[in-house]
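Notes follow the structure.
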There are 2 protein chains.
Amino acid sequence: MLSMKCKYALKALVVLAAEGTKLPSSAIAQKARVPAKFLEAILTDLRKADALTSERGAHGGHKLKGSPEKIMLGHVVRAMDGMLAPIPCASTFYYKKCDDCTDEKICVIRHAMTEVRNKIAEVLDSMSLEDLVNMSPKKKQQLFW
Amino acid sequence: MLSMKCKYALKALVVLAAEGTKLPSSAIAQKARVPAKFLEAILTDLRKADALTSERGAHGGHKLKGSPEKIMLGHVVRAMDGMLAPIPCASTFYYKKCDDCTDEKICVIRHAMTEVRNKIAEVLDSMSLEDLVNMSPKKKQQLFW
DNA sequence: ATTAATTCATATAAATTCAATAGGAATTGA
DNA sequence: TCAATTCCTATTGAATTTATATGAATTAAT
Ligand code: FES
Ligand code: FES
């Protein structure tokens with residue numbers, strides 16, 4: 001399950017990708033239809049995840065770091081929610097051993113869930129913010145949802 | 001994320017699939033290495049999900065309902081954890097509208113997550129308990145994890 | 001220098017979900 | 001009657017989620 005945090009993060013990034021310019025968090029919150037104060041914390045995390053840069057003070061704001069086609073959904077989702085895999089032992093970026101399994105090399109649950117994780121990663125690691133923006137039939141009107 | 005409940009459920013079902021026979025929950029708990037009392041509740045849910053049948057009283061126990069190749073992982077995961085989709089609006093079995101989106105037909109988040117959900121469903125709805133058992137290199141020794 | 005707009009840091013809180021345990025009623029076979 | 005079992009209801013503690021509140025630090029404009 002994607003958390004609200006992650007969903008909001010994606011929306012914020014789509015807004016920034018479509019806009020291209022620097023925007024204050026309040027403007028992003030409005031356009032993305034996301035709780036303003038919650039978004040502030042999310043933007044901080046996105047900055048730490050290297051997805052955007054921020055400037056403080058008057059006329060400050062947030063701007064995408066790098067071009068939209070280089071920021072992949074997989075990167076964003078991992079930064080917000082952690083692993084893509086359904087189960088920690090099947091994760092490549094957030095691997096964790098299972099206490100209830102003695103030999104993960106033969107574990108059939110792990111094998112099955114690794115297949116799932118690979119499919120998820122295939123989709124999310126090949127889809128960029130630009131893809132997301134272009135996906136919208138109304139992108140010229142800046143309507144994404 | 002797969003819950004522990006779901007993981008335990010899958011393990012219990014693999015044990016039953018491999019064994020073929022009726023087993024009391026205590027025996028399943030031991031073979032699957034799962035907390036006994038927690039498993040009891042899980043087995044009840046699995047019965048309600050039509051994955052097994054139970055007999056009460058002495059010599060009672062639980063038995064797979066139908067053959068292992070007909071019970072799909074997707075069915076089990078849905079019964080335990082709900083939707084496969086990363087987000088409710090992208091779920092086919094557990095659909096729920098998003099409060100923060102005004103037009104889901106054009107929503108790019110939904111479009112992206114629908115792709116993910118379809119990949120997940122493709123894997124889990126085509127993999128059966130029998131597949132899981134056969135996946136094990138040590139199935140003859142009943143070692144699955 | 002003051003003010004307004006902003007990010008940033010920290011703390012907190014309410015609600016929900018998860019993982020499990022407890023206790024005992026009901027059922028069944030020996 | 002007894003032992004083994006499923007089944008039912010309640011509870012618990014911990015963690016996570018989804019925020020909100022407060023105010024410090026920074027910056028540009030006046
Ligand atoms: S090793 Fe993770 S489920 Fe078995
Ligand atoms: S409709 Fe669900 S994310 Fe937009």
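Any value given below was found using the heavy atoms of this structure, including those in side chains, with hydrogens, waters and symmetry copies removed. These figures come from a predicted structure and were not determined experimentally. Per chain, numbering begins at 1; letters A, B, ... match sequence-line order.
Going from atom CG of A:L2 over to atom C1' of D:dT18 covers 14 Å, rounded to whole Å. Rounding to whole angstrom units, CG of residue B:D99 and C1' of D:dA19 are separated by 15 Å. Rounded to whole angstrom, the span from the NZ atom of A:K11 across to the P atom of D:dT18 amounts to 14 Å. Whole-Å rounding puts the A:I42 CD1 to D:dT18 C1' distance at 9 Å. The CE-P distance, from B:M4 to C:dA20, rounds to 7 Å in whole Å. Across the protein-nucleic acid pair, B:F38 atom CZ and C:dT17 atom C1' stand 12 Å apart, rounded to whole Å.
Distance alone, capped at 3.5 Å, is enough to place a donor-acceptor pair between the A:T44 side chain and the A:E40 backbone. Judged purely by atom type and a 3.5 angstrom limit, A:K22 uses its side chain to pair as donor or acceptor with the backbone of A:H59.
A salt bridge is absent between B:D81 and B:K5; no separation between the charged side-chain nitrogens and carboxylate oxygens falls under 4.0 Å.
For the residue pair B:T102 / A:R33, no side-chain donor-acceptor distance below 3.5 Å is found, with atom types taken as modelled.
Within a 6.0 Å radius of CZ in A:F93, no more than 12 heavy atoms belonging to other residues, nucleotides or ligands are found.
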Show the atom names and distances, to 0.1 Å, of all donor-acceptor pairs under 3.5 Å that link a side chain in residues 138-145 of chain B to residues at least two apart or in another chain.
from   : atom 1 : to     : atom 2 : distance (Å)
B:K139 : NZ     : B:N134 : OD1    : 2.8
B:Q142 : NE2    : B:E19  : OE1    : 2.9

>> So if I define the base as every atom that isn't primed, P, OP1 or OP2, how would nucleotides 2-16 of chain D read as a B/S/- string at a heavy-atom cutoff under 4.0 Å?
In response: --BBBBS--------
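Contact between the side-chain N/O atoms of B:Y8 and the OP1/OP2 oxygens of C:dA19 is not found at any separation under 4.0 Å.
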